[in-house]
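In what follows, chains carry the letters A, B, and so on, assigned in the order in which the sequence lines appear, proteins first and then strands, with residues in each chain numbered from 1. For the numbers below, each heavy atom of this structure counts, side chains included, while hydrogens, waters and symmetry mates do not.
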Amino acid sequence: MIDLLWNNLDYAASMILFCIGLYAVITRNNLIKKFMGLNIMETAIFAFIVALGVVDGGNAPIMGEGAAEPFINPLPQALILTGIVVAVSTTALALSLVIRIWRQCGTIEADELREAE
Amino acid sequence: MISWPPLLVLFVLTPLVGAVLTPAVSDATGRRSWEWAIGTMLLTSAMAGALIMRVLDEGPFSYVVGGWVAPYGIELHFDEFSASVAVVCLLGLLAVVFSRHYAPAALAPERIPYYYTLLLLNITGMIGFIVTGDLFNLYVFMEILSLSAYALVAISGEKTAEMAAFKYLVMGAVSSLSILFGVGLLYALTGSLNMADVTMRLAGSAKAPLVVAFAALTLGLMVKSALFPLHIWLPDAHAIAPSPVSAILSGLVVKVGILGMLRMYQIAYGSGAIDLSGLNLMLTWLGAISIVMGAFFAVFQDDIKMMLAYSTISNIGYIVMGLGLASSYSLIGATVHVFNHALIKATLFLGAGALIHQTGQRTLSGLAGVGRSMPFTTAAISIGAISIVGIPPTAGFLCKWYIALGALQAGQPLFAVALVFGALLIFVYYIRMVNAFYFRKPQDAGASAVHEAPATMLVPVLVLATLCLVMGVLGSLPLSFIEPAVARLLAPLGGG
C-alpha cells in the first residue's frame with residue numbers, strides 16, 4: 001500500500017490537494033475564500049493531468065539537434081494551457097461578482113448575506 | 001451546398017463570430033445589436049437546417065478540423081442526437097426576438113450589446129457541445145456555455161441576481177472540474193481524446209480507474225442537469241434571470257448534462273468495458289425522487305417563475321429516469337422529451353416574461369384575473385401547462401407515455417407509478433396557475449387596464465405554443481427519427 005502510494009506520489013498529492021480545495025469550498029464562509037478553495041481544486045486537477053504526460057528520464061519533445069527518445073507527452077500540457085485560460089476567466093467573473101455583491105450588500109460573508117436576503 | 005464539408009465547422013463559428021462582433025456593430029445604447037443578433041441567429045438556423053437534411057440523406061457524418069485526421073485532430077461529428085441543434089437554434093432565435101422589447105425594460109442600456117453577446121456565446125457553446133467528437137473540446141464548449149450562463153443570470157444587476165449567479169458559478173465550476181477529471185482519466189487509460197477512438201480502445205483497460213472516471217463524469221453532469229439532490233443552484237438562478245434567459249437556461253442549458261450523459265452512454269455501451277447497471281439503478285431512483293420533490297416544492301410557490309424553475313427539476317427527473325431505465329422505449333421517450341421539454345418550458349417562461357413585462361407582477365395573487373386583459377398570452381401558457389402535465393394530444397404526452405412503457409418493458413412498474421404520481425402533482429400546481437389567470441378577480445382596478453404584449457413578445461410565445469400542439473399531433477415524427485440512433489446505442493447490449 002505504502003509502495004503503491006510512493007510510486008504514484010504525484011497522483012496522491014493532487015488528490016489530497018483536491019480534497020483540501022473541496023473542503024474550503026464547502027466550509028468557508030467568506031466568498032473569496034470559497035473561491036480560493038475552488039482555485040486549489042483547479043490546480044489539483046491541472047497538476048494531475050500534466051503529471052499524466054510525464055515519462056521517467058524523458059526529454060522535451062522538440063525536434064532537431066540532440067532530440068532523443070523517450071519523449072514527454074506534450075498533449076496534456078497543451079490541454080492544461082486551455083484549462084488555465086478557462087480557470088482565469090472563471091476567476092475573473094467570480095471576483096467581479098464578489099465586488100458587486102460587496103458594493104450592494106456591504107458584506108461578503110455567506111451567512112450575513114443569507115440574513116440580508 | 002448541403003454536403004459541403006466545411007459547413008459543419010462554419011456552423012459552430014458563425015454564432016461565435018457574431019457574438020464577439022455584437023458590441024462593435026452596436027452603439028453605446030444598444031441600437032443595431034438586436035438586428036445583428038437576429039441576423040446571426042437566422043444564418044445559424046439556416047445552416048442547422050442544411051445539416052439536418054444531410055443527416056437525413058446520408059446518416060451520421062464528421063468533419064476533421066484543420067486537416068489533422070482523427071484521432072490526432074479535433075473531429076466534429078453530426079448524428080441523429082445532434083439534430084437537437086434544431087431546437088437550440090429555434091429557441092435561440094425566438095429568445096432574441098422576444099428580447100427586442102424585453103431587454104430595454106429589464107436591463108441598463110449600456111448592457112444590451114453585451115447581453116446579446118452572452119446570449120450568442122451561450123448558443124455557440126451549446127452547438128459546439130452537441131457536435132464535437134473530442135472529449136477535451138467538449139469540456140471547452142461546456143465552459144463557454146457555463147460561463148456565459150453565469151454572467152447572463154447576473155446581468156440584470158440586482159442584488160439577488162448576483163448572489164444567485166455566484167451560487168450557480170461555484171457549483172458549476174466544481175462540477176466542471178469533476179468532468180475534467182473524468183476526461184483526464186479516460187485520456188490516461190486510452191491515450192486518446194477522440195470519442196470514437198476512446199470507445200474502441202477502452203475494451204481491455206483496468207476496471208477501477210474506469211469506474212472512478214465514469215463516477216466523476218456522472219457527478220459533474222448531475223450537477224449540470226440539476227438532478228436532486230444537486231439541484232439547489234437551479235431555482236434561484238432560473239427564476240431571477242431575465243425571462244428569455246430563463247427560457248434558454250431551463251430549456252437548453254440544463255439539457256447539456258443530459259446530452260453529456262448520452263455521450264457517456266455511447267462510450268460505455270459501445271466499448272462494453274464497464275457495466276453501468278449500478279449507475280443506471282441510481283439514476284433511475286434519483287430521477288424518480290427528482291420528479292416528486294420538484295413537483296412537491298413547486299406546489300408551494302407563489303412566484304410564477306420560481307414555480308416553473310422547480311417544474312424543470314421534475315422534468316429533468318423524467319428524462320434521467322428514462323435514461324436510467326435503459327430500455328429502448330424509455331430511451332426514446334427520454335431523448336424526445338429533451339426536445340419537447342425545451343419547447344414547452346420556453347413557451348411557459350417566455351409567456352411568464354410577457355405577463356411580468358406587461359403587469360409588473362410576478363406572483364400568482366398579483367396576476368389574478370390577467371386572462372381577461374391578456375387572452376393570447378394566457379392561452380399560450382395554458383397550452384404549455386397542459387403539455388407539461390402530459391395530457392394528450394400535446395407534446396408532453398408521448399414522451400411520458402414512452403417512458404412509462406419503458407418502465408414496464410424494463411420490468412420496473414414501480415417507476416411508472418412514480419411517473420403518474422409526479423404528473424398528478426404537476427397537474428395540481430398548473431391548475432392553480434390557470435385558475436388564478438381565469439377564475440380569480442383582479443386585485444385592484446389597475447390590473448384590468450393591462451394590455452396584451454407587443455408583437456415581438458406575443459409571436460414567439462404563440463409560435464412555441466403552436467409547436468407544443470403540433471409536436472403532440474405529429475409526435476411519431478421525432479420518435480421515428482431518433483429510433484435508429486437509440487437502436488445503435490443499445491445494439492452492443494443485445495437489443496436492450
Side-chain angles (χ1 to χ4, degrees), chain A residues 8 11 14-15 18 21-22 24-26 28 31-32 34-35 37-53 73 75-76 78-83 85-108 110 113-114 116-117, chain B residues 71-72 74 118 121 134-137 139-193 209 212 216 220 236 240:
Chain A
N8 297 301
Y11 298 156
S14 38
M15 285 306 103
F18 186 85
L22 188 60
V25 171
I26 294 170
R28 292 300 104 172
L31 296 189
I32 291 189
K34 243 188 214 305
F35 206 78
L38 202 66
N39 277 337
I40 296 174
M41 288 172 76
E42 275 162 357
T43 312
I45 299 289
F46 294 165
F48 171 76
I49 293 180
V50 169
L52 291 176
N73 184 354
L75 185 66
L79 298 183
I80 289 316
L81 207 56
T82 316
V85 173
V86 171
V88 167
S89 24
T90 316
T91 310
L93 181 62
L95 290 180
S96 56
L97 280 175
V98 169
I99 291 173
R100 293 202 49 100
I101 292 174
W102 166 261
R103 281 195 191 141
Q104 298 206 9
C105 309
T107 175
I108 49 169
L113 284 171
R114 221 167 289 132
E117 215 172 321
Chain B
Y72 305 108
I74 290 174
L118 289 169
L121 269 183
D134 182 276
L135 280 171
F136 191 76
N137 206 225
Y139 164 76
V140 172
F141 278 121
M142 194 182 70
E143 284 301 275
I144 293 179
L145 173 82
S146 311
L147 278 172
S148 53
Y150 311 145
L152 278 171
V153 170
I155 201 162
S156 70
E158 284 164 32
K159 191 167 70 181
T160 44
E162 275 149 6
M163 279 159 63
F166 192 85
K167 190 156 70 167
Y168 183 15
L169 188 148
V170 169
M171 288 203 69
V174 171
S175 70
S176 297
L177 283 176
S178 174
I179 292 169
L180 182 61
F181 177 60
V183 169
L185 268 177
L186 283 181
Y187 175 69
L189 287 169
T190 60
S192 175
L193 284 167
V212 177
D236 285 348
I240 290 166

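Of the possible polar contacts, one joining the A/T43 side chain to the A/N39 backbone as a donor-acceptor pair under 3.5 Å is found. Counting only distance, with no hydrogens or angles, the side chain of A/S14 and the backbone of A/I45 share no donor-acceptor pair below 3.5 Å.
Of the atoms belonging to B/V170, heavy atoms from both backbone and side chain fall under 4.5 Å from chain A. With a 4.5 angstrom heavy-atom cutoff, A/L79 touches chain B via backbone and side-chain atoms both. At a 4.5 Å heavy-atom cutoff, the contact between B/F136 and chain A is made by side-chain atoms alone. Proximity to chain B (any heavy atom under 4.5 Å) is restricted, for A/L52, to the side chain, taken from C-beta onward. For A/I101, the parts lying near chain B are the backbone and the side chain together; criterion is any non-hydrogen pair under 4.5 Å. No part of B/I144 comes within reach of chain A, as not one of its non-hydrogen atoms sits under 4.5 angstrom from that chain.
Between B/F166 and A/V98, some side-chain heavy-atom pair lies under the 4.5 Å cut-off.
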Does B/D134 form a side chain to side chain donor-acceptor pair (under 3.5 Å) with B/Y139? I'd like the steps, not just the answer. CA-CA 9 Å; B/D134 182 276; B/Y139 164 76; over 6 Å; no

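With values rounded to the nearest 0.5 angstrom, B/L193 atom CG is found 9.5 Å from B/N137 atom CG.
When the candidates A/T82, A/I49, A/L75, A/L97 are compared by the number of heavy-atom contacts under 4.5 Å with chain B, A/L97 comes out ahead.
Ring geometry for B/Y168 against B/Y150 counts as perpendicular: the plane angle is over 60°, on a 0 to 90° scale with 30° as the lower cut.
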